[in-house]
Engineer: 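Dumping the structure here so I can ask a few things about it.
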Amino acid sequence: MHPALLGVFTIAIGVVGCVSYFYLSNVFLDKVLFPASGPKAGRNINMANQIRPWLFLFPAFFALTLYLAYPVFETLRLSLTDRLPGNRYEFVGLDNYRQMFAETKFWESMRNNMLWLLVVPAASTGFGLLAAQLTDRIKWGNIAKSLIFMPMAISLVGAAVIWKLVYDTRPIEQDQIGVLNALYIFFGGDAPITWLTLPFWNNFFLMAVLIWIQTGFAMVILSAALRGIPEETIEASIIDGAGPFQVFFKIKVPQIKNTIVVVWTTITIAVLKVFDIVFAMTNGQWETQVLANYMFDKLFRANDWGMGSASAMIIMLLVTPILVWNVRNARNEMR
Amino acid sequence: MDNIAGQKSTLTWAVHLSVLALVALWLFPTVGLFVSSFRTTDQIVTGGWWKSLFPSEQNLTIRADSPENQIEVGGLFVIEGELFDADQEFEVLVWGVSSRAIDAYVPGETGELSKGGTVTVSTEGHYRLENTEPFKGSRGQRIFATAVTPPEFTFNNYKTVLFTGATSESMGSAFLNTLTVTIPATIIPILVAAFAAYALAWMDFPGRALLIAIVVGLLVVPLQLALIPLLKLHLAIGIGKGYLGVWMAHTGFGLPLAIYLLRNYMVGLPKDIIENARVDGATDFQIFVKLILPLSFPALASFAIFQFLWTWNDLLVAKVFLIDATGQTTVMTNRIVEMLGTRGGNWEILATAAFVSISVPLIVFFALQKYLVRGLLAGSVK
């Protein structure tokens, strides 16, 4: 069957299946299992109402358990085992981790990931805050915002292509078609530079891509927060003689501190998972490896599930503080 | 509001200019790719795309026809021809016959050849070599010309990439594959999540707070962890790599955000309506279908856009769960990555392929930005 047809078919089955599951299970509950009539009608209605939430929740939580919760534990288990021929697994304790810690490529990924974690959230939040503050004051601010926000819709792979053109290098005797080298030559550079193979600094050229994408996100959220600041606090500070920079840094920023933290952590998570950019632009060569790509490498090129799982667990470990913090915040809000 | 802040007009100007600079900086890379996708191979390698918007000057070295093709006209030996192809709209500014003096003559002038004879070149690129003796040698005379080309754009790249190119590089089939992945992977999680979100928002049962906490926790679980166990599971239960697997994976990965967004929205719906409906004897199922779903449309739209953008732009999930050894089911992002490897220098193909893939998200983005922003705000600021 043609895949597109299969797709239509799946949508139909999915939608009809979902609706009929919910409808029929409700009917079954109300009419067959606990009918709201007869001698025990009252008790039956109560029973039905206690069970109904679980009917509503079941498909979603079944999928969540199978596709997100179970894998966390399974990955943990796999990271402690080696795959043997014939679909057998052998428990090897921490061997995979030991092996991984002995690899220079792993420590390179860790160093790069730390660099990404330091630079990308800071730069995106900074630019986002700047853009939010500046665009809030001008008439065409909304157009400017939507243009800065636009990269958000572009795939990381598309962004990688876009930026590869920016970093393109041609032999010295030809015209440069990458804007960075064209500028470099224009301002007196001697020879074009292959930016993406420049050890250490190439990491920053890759980071630029993610910063370019995430700034729009930061801007949208922070701009909403800036608008939520009570006008009186700003007016009061101006009457007290604060300049525009003082108003911004001493009055506005402290009031949106929580939002800044939320934006920062959200971008941090995006950074920890960054894969496509590195995969498409350098594939971890020239000392640009990051954990997510290292993991993919172990998984599909080296075909080593044990070490792949071990590196995935490292990513999980780095995410865990944010996870705990998020859950605690959510619980506090519900009280 | 500008005036209560008591700003000086110079500061306002500075704000306008910095926003302009910021927007230009953010737009420049994308525009570069967009413009490049309408240029020919020759144009791309001869100069940066920013020059393509203006007429460009090029220094060309062209060989005239070889002496074998000379003709004798009334005692004069003549070699005649065109410097440019008929479809090239070049205009000669200056020309020369020696690499040391490439700007020796203007069009219409007659130049002396070092080995004897004369040559003239017209503005349109017509040349005529004349000599009283036969031209010798086997190679044609070199002519150096500085020519101007008008800005020129072509749709040929799109034609090649979408329809006529090699099958292994066709974006047409990859486009359909991406669409096939995206639509079910967007619709199915919405339905499943909406019911769960309603239960978490408006039904009372023990353990509700715990379940919400679980959803919030799962929101940030990196999907890298899910790759191996799920691939193992899919292989074990016989789904293998294919559309079914990728639909299920996307559904699973999209659910936490879907439930979280929808629940947050549904909690904010007015309580009176729902209580009234209950008092009037509506069942939960009726309340959900007739009241909650229509009222939650903005949240549903927000999530649908997120999920659409995310599945359309995804590379990792497709690579792990969909694309098998035959490569029949490759999606656009994967095809572009392959092209980056095999045709790293062919910018006209790369740029066009990338633009085909990002055009749909861009349209969705600009058309439905309102919902996207609303969803972002609901999703992160609470």
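Only a predicted model underlies this, so the values are computations on that prediction, with no experimental measurement involved.
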Engineer: Anything under 30° is parallel, anything over 60° is perpendicular, the rest tilted; go ahead and classify His16(B) against Trp13(B).
Structural biologist: tilted
Engineer: Which answer fits Phe34(B), side chain, backbone, both or neither, if we ask what part of it has an atom under 4.5 Å from a heavy atom of chain A?
Structural biologist: neither
Engineer: Looking at Trp163(A), Phe61(A), Phe149(A), Tyr23(A), which one has more heavy-atom pairs under 4.5 Å with chain B than the rest?
Structural biologist: Phe149(A)
Engineer: So for Ser36(B), is it side chain, backbone, both, or neither that comes closer than 4.5 Å to the heavy atoms of chain A?
Structural biologist: side chain
Engineer: Under the side chain to side chain donor-acceptor pair (under 3.5 Å) rule, what do Ser311(A) and Lys298(A) come out as? Steps first, then yes or no, please.
Structural biologist: CA-CA 9 Å; Ser311(A) 44; Lys298(A) 285 279 167 254; over 6 Å; no
Engineer: So for Leu66(A), is it side chain, backbone, both, or neither that comes closer than 4.5 Å to the heavy atoms of chain B?
Structural biologist: both
Engineer: Does any backbone or side-chain atom of Val215(B) lie under 4.5 Å from a heavy atom of chain A? Answer side chain, backbone, both or neither.
Structural biologist: side chain
Engineer: On the 0 to 90° scale, with breaks at 30° and 60°, tag the Phe195(B)-Phe56(A) ring pair as parallel, tilted or perpendicular.
Structural biologist: perpendicular
Engineer: Could you check Phe308(B) against Trp312(B) for ring pair (Phe, Tyr, Trp, His ring centres under 6.0 Å), going step by step and ending with a plain yes or no?
Structural biologist: CA-CA 6 Å; Phe308(B) 176 82; Trp312(B) 186 278; 5.4 Å; yes
Engineer: What part of Met295(A) gets within 4.5 angstrom of chain B, counting heavy atoms only: side chain, backbone, both, or neither?
Structural biologist: side chain
Engineer: Sort Leu316(B) into side chain, backbone, both or neither according to what part of it lies under 4.5 angstrom from a heavy atom of chain A.
Structural biologist: both
Engineer: Using non-hydrogen atoms and a 4.5 Å limit, figure out which bit of Leu225(B) sits close to chain A: side chain, backbone, both or neither.
Structural biologist: both
Engineer: Sort Ala354(B) into side chain, backbone, both or neither according to what part of it lies under 4.5 angstrom from a heavy atom of chain A.
Structural biologist: side chain
Engineer: With a 4.5 angstrom heavy-atom cut-off, which part of Leu78(A) approaches chain B: side chain, backbone, both or neither?
Structural biologist: side chain
Engineer: Identify which part of Pro189(B) has an atom lying under 4.5 Å from any heavy atom of chain A, answering side chain, backbone, both or neither.
Structural biologist: neither
Engineer: With a 4.5 angstrom heavy-atom cut-off, is it the side chain or the backbone of Arg77(A) that approaches chain B, or both, or neither?
Structural biologist: side chain
Engineer: With a 4.5 angstrom heavy-atom cut-off, which part of Leu372(B) approaches chain A: side chain, backbone, both or neither?
Structural biologist: side chain
Engineer: Where on Leu315(B) is there a heavy atom nearer than 4.5 Å to chain A: the side chain, the backbone, both, or neither?
Structural biologist: both
Engineer: Contact part of Ala249(B) toward chain A, heavy-atom cut-off under 4.5 Å: side chain, backbone, both or neither?
Structural biologist: both
Engineer: Examine whether an atom of Tyr21(A) lies under 4.5 Å from a heavy atom of chain B, and if so say whether it belongs to the side chain, the backbone or both; otherwise answer neither.
Structural biologist: neither
Engineer: Tyr70(A) versus chain B, heavy atoms under 4.5 Å apart: side chain, backbone, both or neither?
Structural biologist: side chain
Engineer: If you apply the rule side chain to side chain donor-acceptor pair (under 3.5 Å), what do you find for Tyr243(B) with Asn177(B), and how did you get there?
Structural biologist: CA-CA 9 Å; Tyr243(B) 285 110; Asn177(B) 291 346; 3.0 Å; yes
Engineer: With a 4.5 Å cut-off on heavy-atom pairs, point out which of Val320(B), Val360(B), Val364(B), Asn334(B) contacts chain A the most.
Structural biologist: Val320(B)
Engineer: What part of Thr333(B) gets within 4.5 angstrom of chain A, counting heavy atoms only: side chain, backbone, both, or neither?
Structural biologist: both
Engineer: List the steps, then state whether ring pair (Phe, Tyr, Trp, His ring centres under 6.0 Å) holds for Trp305(A) with Phe300(A).
Structural biologist: CA-CA 9 Å; Trp305(A) 286 15; Phe300(A) 292 102; 8.4 Å; no
Engineer: By a 4.5 Å heavy-atom criterion (distance strictly below it), what part of Phe355(B) contacts chain A: side chain, backbone, both, or neither?
Structural biologist: neither
Engineer: Tell me, side chain or backbone of Leu179(B) under 4.5 Å from chain A's heavy atoms, or both, or neither?
Structural biologist: neither
